[in-house]
Protein chains: 2
Amino acid sequence: MSGSTSADARRVAALDRVLEVTVLLGRDMTSSLAASGLTVARTTLLWQLRATGPSTQRALADALGTSARNVTGLVDGLAGAGLVTREPHPTDRRATLVTLTARAEELLSGMAVEQAQLADQLFGGLSPERLDGLVSALDEVLGRLRPLVPDGAAS
Amino acid sequence: MSGSTSADARRVAALDRVLEVTVLLGRDMTSSLAASGLTVARTTLLWQLRATGPSTQRALADALGTSARNVTGLVDGLAGAGLVTREPHPTDRRATLVTLTARAEELLSGMAVEQAQLADQLFGGLSPERLDGLVSALDEVLGRLRPLVPDGAAS
DNA sequence: TATTGTTATACTCTATAACTATA
DNA sequence: TATAGTTATAGAGTATAACAATA
């Protein structure tokens, strides 16, 4: 398409690396969240709430790129765990505002710390120049990747 | 832990990029596989078989880092779709050898082509130097990440 | 005794469709 | 009419535990 065979092989090698990182990070997240009784899907919803503040379930469904039905289930689980509450919407009586509890805020703060520690572990060995190169390369890749994917939020 | 605040922020920024790539690639794969009536879990098993040849379900469970019960279900689905068969193990009558069908081999060859095209789309805009820098940075990150994750195969 | 793969059971994530209450 | 969220139903992935057949 646009290069020699060896250049193609290099790109495939890069994609292989990215896919392996994807698989391993997924496992790491799943298992470390399981220790807190959480799942990736529920935690994604919590992070979205932390970023945007109290939200309707419809807004959450759009942001997460999932169905309204699914959000009902996720919120049910989180409410049962005492991490969110359903508050009445001030002007629209059809809607509910999903809101983080204080416990969830604390939990998320702790997770942010853990995430920074993970970032340190993973990237601490790279020089500032290589780290910047990595970030800019990933930004370029993201620019190509985003249009390929239907839509939804990319926390 | 090992750097200034701004260096920490840079590392967190890098992790954010990686996580976004993870999310978007997952969606891209899920939706493109769904078009073929496949799921990510089942396709992972097919790729494993392609890499290693006919395997027992126990070997697949270990390679995929999942339970034997789960492999039974995945193989059931793939067998129903005509993509694998269960053959008797030549020496161990407890075990079965899961084997790709010709149709699965063709399907996987097509997927390999699509993957190369995706690699071209994502990385085609990077100079050879930047691409090499990306790959070597990811290799270093993988070296840190692998020990953090329980175990199992990484595609 | 240990191992392979199955059945039994259960939970989570996900989707579509029908329905209720509101806009 | 359209929208927010629920109930109904269904399928896929995952896990543990108990069990049968075989090593």
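Throughout, protein chains are lettered first and strands after them, A, B, ... in sequence-line order, and every chain is numbered starting at 1.
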Checking E87(B) against T85(B): is there a side-chain donor and acceptor pair closer than 3.5 Å?
yes
Residue pair L97(A) / P90(A), side-chain heavy-atom distance below 4.5 Å
yes
Is there a side chain to side chain donor-acceptor pair (under 3.5 Å) between R86(A) and T99(A) once you walk through the steps?
CA-CA 6 Å; R86(A) 277 189 247 239; T99(A) 307; over 6 Å; no
Would a 4.5 Å heavy-atom cut-off, applied to side chains only, mark L118(A) and L25(A) as touching?
yes
Report the residue from T22(B), V18(B), L19(B) that forms a side chain to side chain contact (heavy atoms under 4.5 Å, CB included) with T22(A).
T22(B)
Between dG11(D) atom C1' and L74(B) atom CG, what is the distance in whole Å?
13 Å
Take nucleotides 2-8 of chain C nucleotide by nucleotide from the 5' end and write B, S or -, depending on whether a protein heavy atom sits under 4.0 Å from the base, only from the sugar-phosphate, or from neither.
BBSSBBB
Would you indicate, yes or no, if dA21(D) has its OP1 or OP2 atom less than 4.0 angstrom from a side-chain nitrogen or oxygen of R93(B)?
no
Ignoring the backbone of N70(B), work out which of dG13(D), dA23(C), dA23(D) is nearest its side chain.
dG13(D)
Does any non-hydrogen side-chain atom of L134(B) lie less than 4.5 Å from one of L126(B)?
yes
Whole-Å distance between dT14(D) P and R42(B) CZ?
10 Å
Report the distance from atom CE of M29(B) to atom C1' of dA12(D), rounded to the nearest whole Å.
16 Å
With sugar-phosphate meaning primed atoms plus P, OP1 and OP2, does T91(A) contact a base, only sugar-phosphate, or nothing at under 4.0 Å between heavy atoms?
sugar-phosphate
Counting side-chain heavy atoms from CB outward, which of dA15(D), dA23(C), dT14(C) is closest to T66(B)?
dA15(D)
Taking CG from L45(B) and P from dT14(D), how many angstroms apart are they, rounded to a whole number?
10 Å
Just the rounded figure in Å: distance from C1' of dT14(D) to CG of L38(A).
17 Å
Looking at every strand, decide which applies to S67(B) at a 4.0 Å heavy-atom threshold: base, sugar-phosphate, or nothing.
base
Specify the separation, in whole Å, of atom CG of L60(A) and atom P of dG5(D).
9 Å
Could you check if a side-chain atom of L38(A) sits within less than 4.5 angstrom of a side-chain atom of M111(A), using non-hydrogen atoms only?
yes
